[in-house]
Structures are given as structure tokens and as C-alpha cells.
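So you know, we letter chains A, B, ... as the sequences are listed, proteins then strands, and number each from 1.
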Amino acid sequence: MLDPKLIRTDIASVAAQLKRRGYVLDVSAIEQLESKRKQCQVHTETLQSERNAKSKSIGKAKAAGEDIQPLLDEVAGLGEALDRAKAELGEVQQQMDAILLGIPNLPHESVPEGKDENDNVEIRRWSEPRVFDFEIKDHVDVGDGLGQLDFESASKLTGSRFVVMRGQLARLHRALIQFMLDLHTGEHGYEEVYVPYIVNSDSLRGTGQLPKFEEDLFCVDAETGYFLIPTAEVPVTNLARGEILDADDLPLRLTSHTPCFRSEAGSYGKDTRGMIRQHQFEKVEMVQLVKPEQAWDALEELTAHAETVLQKLDLPYRVVTLCSGDIGFSAAKTYDIEVWLPGQQAYREISSCSCFTDFQARRMQARWRNPDTGKPELVYSINGSGLAVGRTLVAILENYQQADGSVPVPDALKSYMNGIKVLQ
RNA sequence: GGAGAGAUGACAGAGUGGCCGAAUGUGCUUGAUUCGAAAUCAAGUGAACCCUUACGGGUUCCGAGGGUUCAAAUCCCUCUCUCUCCGCCA
């Protein structure tokens with residue numbers, strides 16, 4: 001959520017910044033609603049103040065043993081007027097909230113101008129795609145050749161966009177999770193957290209998935225408003241919801257491994273082959289909650305932490321800055337890390353690292369106490385995948401494959417594989 | 001699943017209709033005292049929002065939501081969560 005004060009005082013500038021991302025702010029509607037809100041609120045609060053004063057005098061008169069009937073008569077019509085004013089104000093506020101919750105974050109000034117993903121800017125590459133001297137397979141064929149990757153069983157068990165892994169491959173998948181968590185906790189200064197995989201709608205509103213993107217989620221129970229998490233970002237960031245953090249605890253660095261569940265509504269026909277786009281996948285997530293002045297450095301740092309995973313696995317990748325038209329709803333700036341997939345002859349997203357400024361924090365009232373002012377102020381939130389485990393497995397299968405169909409275990413994972421050096 | 005108890009400020013804890021945004025204690029901040037510290041004394045110490053250039057004024061918040069009333073932390077209803085005991089269970 002944007003700062004309502006900013007929208008009130010400088011709506012032209014807000015509209016101009018939102019235009020960069022292709023969002024048209026309905027300025028006149030907001031201005032109209034705002035003036036109505038002001039009028040209603042002042043009116044309502046005046047009535048309330050009046051009622052409070054009168055009620056107080058009734059109390060005093062009664063205590064003094066005076067006749068309170070004249071005072072009661074005076075206040076008689078107030079209640080109804082107040083009810084009407086409250087109802088009107090509530091309606092206006094509800095409309096305003098609905099608008100505010102639907103406005104995306106302002107892109108950071110360093111975000112390149114652009115319309116869609118074609119305008120994203122590559123900022124660096126690491127390592128070179130390997131040159132193969134045999135006909136390469138994609139991960140589906142590699143996994144199938146190993147007899148350890150099974151989409152048919154998964155579709156029998158559930159439906160499309162699920163997978164079953166077996167044996168060494170299943171173990172490699174688990175090893176990746178272990179490796180990533182060990183790296184982030186051991187070398188990057190993150191605290192590991194275990195969190196619920198089902199969250200309530202308040203949490204989803206806090207990080208920005210609701211109310212706008214409900215169709216992307218799996219609802220567990222409409223009655224309770226419980227949803228499966230689409231990313232660990234939701235439960236982990238919401239740990240700070242409604243809290244006032246100690247300045248000494250910042251920056252707060254948390255990492256968590258969770259499954260992620262996405263309905264993938266609207267992506268019919270996209271990435272239907274293989275385990276690139278699944279309804280269920282594992283991810284190790286990094287979240288940082290920081291003071292505003294630390295935020296942009298923290299985004300660079302967190303992105304580097306994600307890159308380290310790929311470097312240690314020796315997987316070629318590039319980093320792109322998403323352009324103003326392609327950044328997500330809640331983000332002010334996003335770096336996508338894209339790993340090289342030989343099977344597709346393309347770089348594909350494997351991590352998305354974003355700074356949300358105070359956008360999420362305002363929605364969830366996540367604050368820290370600034371010792372300089374003594375006042376609670378909104379934290380800045382940053383998160384990124386470190387990494388998407390399924391896609392990392394895909395990258396390993398495709399990049400490490402050998403002519404005979406076997407796949408050597410990356411050095412960084414050997415200690416987790418109980419002696420297995422090659423998947424075969 | 002059954003029975004019971006509870007949810008108040010950073011924490012502990014009082015408060016059963018008006019004088020309660022809330023006693024008291026602890027903590028914290030500032031000042032006094034001290035060479036300094038401890039102890040002691042004094043003052044201050046929640047949040048959100050609105051109006052106002054400002055000074056200042058106002059509204060809301062005692063788990064959440066609804067209701068009764070001129071007036072609700074206090075009464076009524078619903079829900080959530082916590083604790084104790086029993087049952088069941090990974």
C-alpha cells in the first residue's frame with residue numbers, strides 16, 4: 001500500500017510514477033472520494049465529540065442528583081444522526097481502501113523504462129554455457145532415462161503440473177534444499193525458520209497477494225479464509241505483522257524452506273512440459289527486514305546470496321533488472337536471476353529478488369522503533385528465492401548430463417549424497 | 001472431542017456502566033544527588049487517524065466482530081486464541 005498522505009498531497013507525482021509501470025491512476029475519482037472522506041470524517045467526529053461531551057455532563061448531573069431529563073432530550077436526535085454519519089463514512093472509507101489496496105508500488109528511480117519482459121535489462125552474466133559434443137536432452141528425457149522422474153504417476157495421483165521423483169533424484173532434490181539452507185545460515189547470516197504452509201487472508205493481504213491475486217492461490221477452506229502459501233515470503237514476512245521491532249534486531253535476515261502452491265490460472269499452455277511450472281514446488285526463500293537506509297544495499301546483498309548458490313553449483317546464469325512495466329505488484333525493484341537451460345537454449349528465471357520498500361510493511365503494520373525519534377517507523381522488506389529447488393534440479397539435469405544419460409552430482413552436493421557421485 | 005479458566009499498556013497486574021486511555025508495581029527516558037556507579041528523589045513515558053501554516057484541538061483503540069445504552073474495558077451475542085484436566089493421537 002502506498003502512503004495515503006503522499007497520494008493526498010502529491011497525487012500528480014504518484015500518478016506519473018505509476019504510469020511508468022503502465023498503471024493508470026484514476027486521479028479525479030480519488031480526489032473526489034478524498035474530499036468526500038474529509039467532509040464525512042469531520043462531520044462524524046464532530047458529532048461524536050458532541051455526544052461524548054453531553055454524555056459526560058449527564059453522568060455528572062446524575063452524580064450530583066440533578067434532573068437529567070432535559071439533557072436526555074437534548075441528546076435524543078444525536079444517536080441517529082451519528083449512525084447515519086458513521087455509515088456514510090464507513091462506506092467512503094471502504095471505497096478508498098479498496099482503491100488503495102489495488103494500487104501497485106512505485107518503481108524505484110533506478111528501474112529501467114519499459115513495457116514488458118522484452119525491455120528487461122541484462123546487467124551481468126556468470127560463466128559460459130557448456131558446449132556439448134552429443135545430442136542433448138531436456139530434463140524430462142534425462143529424468144525419464146534415469147527412470148527417476150515420473151509425470152505420469154503424478155497426473156494419476158492428482159492431475160497435471162505435478163511430479164513424482166524417485167531414488168537418487170529424489171535424494172538430490174532433498175540435498176539441494178539442505179545445501180541452500182546450510183549456505184544461507186552458515187555463510188550469509190540468515191536465521192532458519194520453519195513456518196506454516198497454510199496462512200490466513202490477513203497474511204496474504206499483508207504481502208500483497210490479496211485482494212488482487214486470489215485466483216493464483218489454492219484456497220483450503222473458504223470458511224476460515226485459509227490458503228496454501230504460494231511462497232514462504234508470505235508466512236516469513238508476516239512474522240513481523242503488527243510488531244514493533246527493536247532497532248538492534250535489524251537487519252532481520254530469515255530463510256525458510258517450504259513447498260509453494262500456485263494455481264497457475266491463466267498460464268494454460270505455458271511450460272506444460274516438465275517441471276518448470278508446477279502447482280507444487282519446493283523453494284528456499286530469503287527475507288530481510290531492514291531500516292529504510294539499508295534497503296538498497298540489502299537488495300544487492302540478497303541477490304548476491306542467491307547467485308552464490310548457482311556459483312557453487314557451477315551453473316551459468318545471468319541477472320536482469322526488470323523494467324518498469326514488468327515488475328510485480330508489490331515490488332519497487334526486482335532482479336531476476338536466470339539460469340541457463342541447455343534443453344531450452346534459454347535463460348530461465350530461477351530466482352526473483354525484490355525490494356518492496358515500505359509497501360508490504362504498511363499493509364501489515366510492520367515497524368521498528370527508531371531510537372533517533374523514539375517513534376515506530378515502517379520497515380523495508382526485501383526477499384528473494386535462494387533458490388527455486390525444482391528449477392535448480394532441472395538446471396542440474398540439463399547442464400550436467402552426459403552422453404550415456406548419466407548425471408554427475410555437483411561437487412557442492414556430494415557431501416549430502418551419501419556417497420552417490422553419479423545419478424544413473 | 002468433553003469439562004473448566006482466561007485474554008487490559010514494554011512486562012506484571014487492578015479495574016463490573018459515567019470522575020478510565022485506564023490504578024499500582026517493574027521497566028524505560030530525562031533531571032537532581034554522586035568523582036562515577038548503585039541506591040534514593042522528581043518529572044515524563046502507547047498507537048492509529050482527522051482538522052490546523054502554526055499553537056493547539058478532536059476521534060478511535062482494553063483479543064476480533066456485532067448488539068444494548070444518552071454513555072461500555074465493564075452488560076449481552078458470535079468468533080479467535082491461550083491455559084488446566086479428561087479422552088484420542090503423529
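In terms of modelled atom types and a separation under 3.5 Å, the side chain of A/Ser324 and the main chain of A/Arg21 share no donor-acceptor contact. No donor-acceptor pair under 3.5 Å is formed between the side chain of A/Ser49 and the backbone N or O of A/Glu45. Of the possible donor and acceptor atoms, one in the side chain of A/His108 sits under 3.5 Å from a partner among the backbone N and O of A/Ser110. Without hydrogens or angle criteria, A/Glu80 side chain to A/Gly77 main chain gives no donor-acceptor distance under 3.5 Å. A donor-acceptor pair under 3.5 Å links the side-chain atoms of A/Gln360 to the main chain of A/Thr207, judged by distance alone.
As rounded to the nearest Å, B/A37 and B/G25 have P atoms that lie 25 Å from one another. Nucleotides B/U78 and B/G2 place their P atoms 15 Å apart, quoted to the nearest Å. With P as the reference atom, B/A22 and B/C28 are 23 Å apart, rounded to whole Å. On the C1' atoms, B/A5 is 41 Å away from B/A43, given to the nearest whole Å. The same atom, P, is picked in B/A7 and in B/U74; the two are 12 Å apart, to the nearest Å. Separating the C1' atom of B/G15 from that of B/G21 is a span of 13 Å, rounded to the nearest Å. Using C1' as the reference atom, B/U53 and B/C62 are 36 Å apart when rounded to the nearest Å. When the P atom is used for both B/G4 and B/U8, the distance is 22 Å, rounded to whole Å.
Counting only residues at least two apart or in different chains, salt bridge (charged side-chain N to carboxylate O under 4.0 Å, His left out) contacts with residues 262-282 of chain A comprise A/Asp138-A/Arg273, A/Asp141-A/Arg273, A/Glu264-A/Arg277, A/Asp271-A/Arg277, A/Asp271-A/Arg348.
A straight line from CD of A/Glu80 to C1' of B/U69 spans 16 Å, rounded to a whole angstrom. Taking atom CG of residue A/Asp3 and atom C1' of nucleotide B/A48, one finds them 13 Å apart after rounding to whole Å. The CG-P distance, from A/Leu89 to B/C50, rounds to 11 Å in whole Å. Nucleotide B/U60 holds its C1' atom 11 Å from the CD atom of A/Gln93, rounded to whole Å. To the nearest angstrom, C1' of B/U60 lies 10 Å from NZ of A/Lys86. Residue A/Arg51 contributes atom CZ, which lies 11 Å from atom P of B/C70 at whole-angstrom precision. Taking atom CD of A/Glu74 as the reference point, atom C1' of B/C70 lies 11 Å away to the nearest angstrom. The nearest whole Å value for the distance from the CG atom in A/Leu100 to the P atom in B/C49 is 13 Å.
Regarding contacts with the backbone of B/G18, every side-chain N or O of A/Ser55 stays at 4.0 angstrom or more from both OP1 and OP2. A/Asn52 has no side-chain polar atom (N or O) that falls below the 4.0 Å cut-off from OP1 or OP2 of B/A71. A/Lys375 has a side-chain polar atom (N or O) that falls below the 4.0 Å cut-off from OP1 or OP2 of B/A47.
In this structure B/U82 sits in a base pair with B/A5, meeting the Watson-Crick or G-U test at under 3.5 Å. In a base pair of the Watson-Crick type (N1 to N3 plus N6-O4 or O6-N4) or a G-U wobble (N1-O2 and O6-N3), with each distance short of 3.5 Å, B/U34 is matched with no nucleotide. Pairing for B/A54 is absent, judged as Watson-Crick or G-U wobble with the two contacts each under 3.5 Å. Checking B/C70 for Watson-Crick or G-U wobble geometry (two distances, each under 3.5 Å) identifies B/G18 as its partner. With a 3.5 Å ceiling on both atom-pair distances, B/C89 lacks any Watson-Crick or G-U wobble partner. Across all strands shown, the partner of B/A43 is B/U29, judged by Watson-Crick or G-U wobble contacts whose two distances both fall under 3.5 Å.
Take the nearest nucleotide of RNA chain B for A/Ala53 and for A/Pro376: the residue whose nucleotide is more 5' is A/Pro376. Both A/Lys56 and A/Gln365 lie near RNA chain B, and the one whose nearest nucleotide falls closer to the 5' end is A/Lys56.
Not less than 6.0 angstrom separates the ring centroid of A/Tyr197 from the ring centroid of A/Phe261.
Residue-to-nucleotide contacts include a donor-acceptor pair under 3.5 Å from the side chain of A/Lys62 to the base of B/G18.
There is a side-chain donor-acceptor pair under 3.5 Å between A/Ser203 and A/Asn200.
Ring geometry, A/Phe329 versus A/Phe359: the interplanar angle exceeds 60°, so the pair is classed perpendicular (tilted spans 30 to 60°).
Between B/C51, B/A47, B/A71, one nucleotide has an atom nearer to the side chain of A/Arg367 than all others, and that is B/A47. With distances taken from any side-chain atom of A/Ile58 to the nucleotides B/U60, B/C70, B/A47, the minimum falls on B/C70.
Interface residues of residues 28-39 of chain A facing RNA chain B, ordered by number: A/Arg37, A/Lys38; criterion, heavy-atom separation under 4.0 Å.
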